[in-house]
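Reviewing the structure listed below.
Lettering of chains follows the sequences in order, A, B, ..., and the numbering in each one begins at 1. Computed from a prediction, not measured in an experiment: that's the story for all the values here.
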Number of protein chains: 2
Amino acid sequence: MAKRATIGDVAAYAGVSTATVSRVLNGGAVAETTASRVREAVARLAYTPNALTRSIFAGRASTIGVVIRDLSSPFYLDLIRGIDEVAAANDSLVLLTNTFRQIDREVAQVRAMDEQRVRGLIVTTGETADSRTRRMAESGAPCVVVARTVPDPPPGVHSVSLDDAEAGRLMAAHLTGYGRSSVGVVTSGRRPSQLERTAGLRQALAERGLPLPEDAVTVAESETEVSDAVGSLLARARNRDRPLDAVVCTTGRLTVAVHSALTARGVAIPDDVAFLTMDDFSWAPALGITVIAQPSYQMGRRAAELVVERPGEPVTLVFAPTLVARTSCGEGPTSSRDHRFPDR
Amino acid sequence: MAKRATIGDVAAYAGVSTATVSRVLNGGAVAETTASRVREAVARLAYTPNALTRSIFAGRASTIGVVIRDLSSPFYLDLIRGIDEVAAANDSLVLLTNTFRQIDREVAQVRAMDEQRVRGLIVTTGETADSRTRRMAESGAPCVVVARTVPDPPPGVHSVSLDDAEAGRLMAAHLTGYGRSSVGVVTSGRRPSQLERTAGLRQALAERGLPLPEDAVTVAESETEVSDAVGSLLARARNRDRPLDAVVCTTGRLTVAVHSALTARGVAIPDDVAFLTMDDFSWAPALGITVIAQPSYQMGRRAAELVVERPGEPVTLVFAPTLVARTSCGEGPTSSRDHRFPDR
DNA sequence: TTGAAAGCGCTAACAT
DNA sequence: ATGTTAGCGCTTTCAA
């Protein structure tokens with residue numbers, strides 16, 4: 001196992017001091033003849049500077065930490081792509097971890113990022129990790145919370161999120177515009193974003209004189225729970241005068257599962273029920289599924305830019321959702337060509 | 001911007017030496033009373049050890065570098081999930097970059113990983129970066145090449161790949177078993193894996209007396225080129241006695257595009273042509289698309305394990321592809337229930 | 001223009 | 001059981 005050349009080796013080989021080598025590497029005043037001798041030595045010894053040691057001086061690493069809850073969600077994938085692009089343009093690498101939706105991992109991983117002295121942190125975690133992100137921000141590492149707003153953020157703590165209530169409202173407007181009035185919801189738990197989407201939907205429905213009763217909202221934490229959730233929605237409707245004519249899914253993660261559960265039960269989309277879900281995805285055009293899209297790639301870019309640009313005041317960025325109409329809610333008044341996905 | 005507490009601050013606060021603090025942190029022999037005083041100081045000062053400085057001693061960071069060609073491919077996503085899982089179990093973080101299929105980025109990013117003194121590297125790059133990975137391996141950072149085998153690998157350089165020729169053979173066997181004989185291929189360029197899949201397909205077809213002429217194989221590098229590729233396949237078939245009855249796509253990245261191109265031209269699957277593609281994906285069951293699946297998650301795990309376990313001899317792991325039969329090649333002899341995806 | 005030397009935050013011999 | 005000291009690989013004064 002060959003030892004790596006250090007700056008000292010290069011200096012010795014070139015017959016200069018380490019200070020001189022450092023200068024030619026980082027651009028100081030060096031005579032051209034000396035410099036070329038050093039470059040020669042660098043090449044000969046295949047010297048690769050140690051970024052770790054370098055960071056010790058800067059006080060911080062050049063990496064951007066990213067803690068993702070669920071790598072399998074298309075939203076997060078595009079988010080990462082956006083982050084990565086900005087990082088690459090700023091000579092940063094991305095230190096990535098996946099929490100697999102486990103809170104204890106979230107905390108451990110944010111701590112690990114802190115230990116790595118990341119230049120900044122982008123997290124999609126719950127509030128549990130907030131105390132640490134605050135401390136990190138204090139010590140000079142900007143933290144950007146994604147998919148959630150932070151109440152009363154201190155300097156250095158920013159957030160990038162979607163206008164979730166508006167997403168719910170868009171859903172209501174679209175559905176009612178297509179003549180649907182009895183909506184069932186599959187949602188995925190207690191996260192603020194989930195709750196606000198449902199709340200926005202409920203409010204906008206109410207404004208149109210349509211109630212969204214509590215038992216028309218079912219919770220499915222995982223894909224396996226979706227089938228039951230959809231079943232209960234369908235069963236509930238059967239006991240009423242007004243049959244279910246629309247199913248809304250508030251998280252892109254469960255789109256496949258909800259769609260499958262509906263299809264498996266012989267429900268025709270959109271003839272029996274309209275189907276409307278969150279987050280655009282590559283197969284949505286082919287399947288004709290109408291979605292509320294988040295500009296996830298842009299959100300990733302902006303999050304990374306906040307890390308790089310380190311604004312003095314806390315920044316709260318709320319992005320607007322857009323509805324991409326296809327055919328899963330029926331053929332409606334306006335039918336425009338659909339070439340919206342992908343958005344890069 | 002509050003300065004961070006260092007080990008020296010903790011030592012001073014607790015009235016001990018830095019060596020003692022280091023011992024309680026890393027488990028040396030310390031009197032319980034002293035230790036608790038130190039822990040108290042750690043808590044008071046919110047001391048978080050600097051992993052960077054630590055790595056300087058170890059000679060290496062605790063991070064695993066991962067260079068991915070295309071984050072948007074489902075194959076790579078699951079690969080990363082596997083890597084991340086193993087990394088987390090070994091107190092490692094994943095340093096991730098996306099090359100966006102640009103060769104110059106590949107080289108720069110592998111170099112960046114080297115500078116970060118990653119504990120090991122997992123790359124999906126072309127041969128261009130091989131000289132560097134060899135050097136990294138020499139200096140003690142195991143490198144695992146994914147989706148490609150490395151000819152004559154030196155110690156520390158491993159590979160994890162799919163038996164691509166076998167994938168092609170599986171395709172041929174399935175298609176012919178379902179009575180298809182005139183196959184068209186959409187492939188994505190000159191990568192070895194792509195070529196071998198086509199070669200395997202051609203060979204197995206030939207064994208059954210079915211030629212796969214050169215012009216039945218079209219290349220589409222990007223999604224936008226797919227429509228033309230599919231068009232030329234269809235046009236070519238029209239000028240022959242035997243119409244096209246199967247379309248094969250050799251890369252999961254282009255599945256949507258090929259499927260859409262076919263559908264847009266009014267081609268019925270599987271009635272007009274059978275459709276067979278690479279890589280399982282979450283919508284495949286719903287769409288009834290038959291695929292050749294790679295155990296991408298397992299491949300990620302094994303790749304990361306090679307980094308962690310650092311075997312002395314070069315390891316070449318070739319995984320077997322499996323065909324997941326659904327309905328896109330027609331209803332065939334054996335129809336088994338399909339619950340294969342996901343595989344975690 | 002260049003070198004000597006101090007020091008970044010931490011660990012690991014070596015003493016005590 | 002604890003402290004002292006010498007680095008790890010690099011940058012950066014401060015002199016020369």
Side-chain angles (χ1 to χ4, degrees), chain A residues 1-39 41-42 45-62 91 112 114-119 139-141, chain B residues 1-39 41-42 45-62 91 112 114-119 139-141:
Chain A
M1 199 159 93
K3 262 214 132 37
R4 278 182 158 290
T6 69
I7 198 173
D9 299 331
V10 175
Y13 189 98
V16 298
S17 73
T18 61
T20 302
V21 176
S22 176
R23 281 185 199 107
V24 348
L25 258 32
N26 304 304
V30 187
E32 181 45 36
T33 50
T34 325
S36 72
R37 208 143 33 89
V38 170
R39 279 192 289 267
V42 165
L45 303 176
Y47 171 68
T48 308
N50 186 332
L52 263 26
T53 316
R54 239 179 207 172
S55 306
I56 253 190
F57 278 83
R60 298 232 138 264
S62 59
D91 300 308
D114 194 6
E115 293 187 352
Q116 295 289 332
R117 297 292 190 268
V118 292
R119 161 181 189 176
S139 73
Chain B
M1 197 158 90
K3 259 217 136 36
R4 279 183 160 288
T6 70
I7 200 173
D9 298 331
V10 175
Y13 190 97
V16 297
S17 74
T18 60
T20 301
V21 176
S22 177
R23 280 187 200 107
V24 347
L25 257 32
N26 304 306
V30 188
E32 182 45 38
T33 49
T34 326
S36 72
R37 208 144 32 90
V38 170
R39 279 192 289 268
V42 166
L45 304 175
Y47 171 68
T48 307
N50 185 333
L52 263 26
T53 316
R54 237 175 211 175
S55 307
I56 258 189
F57 279 83
R60 298 232 137 265
S62 59
D91 300 308
D114 194 7
E115 293 187 353
Q116 294 290 331
R117 296 292 189 268
V118 291
R119 159 183 191 176
S139 73

### Task
Please name all residues satisfying side chain to side chain donor-acceptor pair (under 3.5 Å) with A:T48, sequence neighbours left out, ordered by chain then number.
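Once residues adjacent in sequence are excluded, the partners of A:T48 under the side chain to side chain donor-acceptor pair (under 3.5 Å) criterion are B:R132.
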
### Query
Taking only residues two or more places apart in sequence or in another chain, which ones pass side chain to side chain donor-acceptor pair (under 3.5 Å) with A:N26?
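Applying side chain to side chain donor-acceptor pair (under 3.5 Å) to A:N26 gives A:S22, A:R54.
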
#### Entry: Annotated protein contacts, base or backbone, on nucleotides 6-16 of chain C with a non-hydrogen cut-off under 4.0 Å, one of B, S, - each
-BBBBBBB---

### Query
Are any side-chain N or O atoms of A:R119 and backbone N or O atoms of A:A61, one a donor and one an acceptor, separated by less than 3.5 Å?
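Here the side-chain-to-backbone pair does not exist.
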
### Task
Report the end-to-end axis angle of the helix from C:dT1-D:dA16 to C:dT16-D:dA1; each axis comes from five terminal pairs, and the value is rounded to 10°.
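Its terminal axes enclose an angle near 40°.
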
### Message
Just to be sure I understand the rule, does A:A29 reach a base, reach only the sugar-phosphate, or reach nothing, if contact means heavy atoms closer than 4.0 Å?
### Response
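Base contact - A:A29 has a heavy atom under 4.0 Å of at least one base atom.
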
### Query
Can you list the residues that meet the side-chain contact (heavy atoms from CB on, under 4.5 Å) rule with B:A31, with sequence neighbours excluded?
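B:T33, B:T34.
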
Distance-minimising heavy-atom pair for [X] and [Y]:
{"X": "B:R23", "Y": "B:V30", "result": "CB-CG2, 3.6 Å"}
{"X": "A:Y47", "Y": "A:L25", "result": "CE2-CD2, 3.5 Å"}
{"X": "A:A51", "Y": "B:Q116", "result": "CB-NE2, 3.6 Å"}

### Message
I'd like to check the salt bridge (Lys or Arg N to Asp or Glu O under 4.0 Å) partners of B:R37; sequence neighbours left out, ordered by chain and number.
### Response
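Counting only residues at least two positions away or on another chain, B:R37 forms no salt bridge (Lys or Arg N to Asp or Glu O under 4.0 Å).
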
### Message
I want to check one thing: is the phosphate of C:dA4, taken as OP1 and OP2, less than 4.0 Å away from some side-chain N or O of A:S17?
### Response
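So the side-chain polar atoms of A:S17 never come under 4.0 Å of the phosphate oxygens OP1 or OP2 of C:dA4.
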
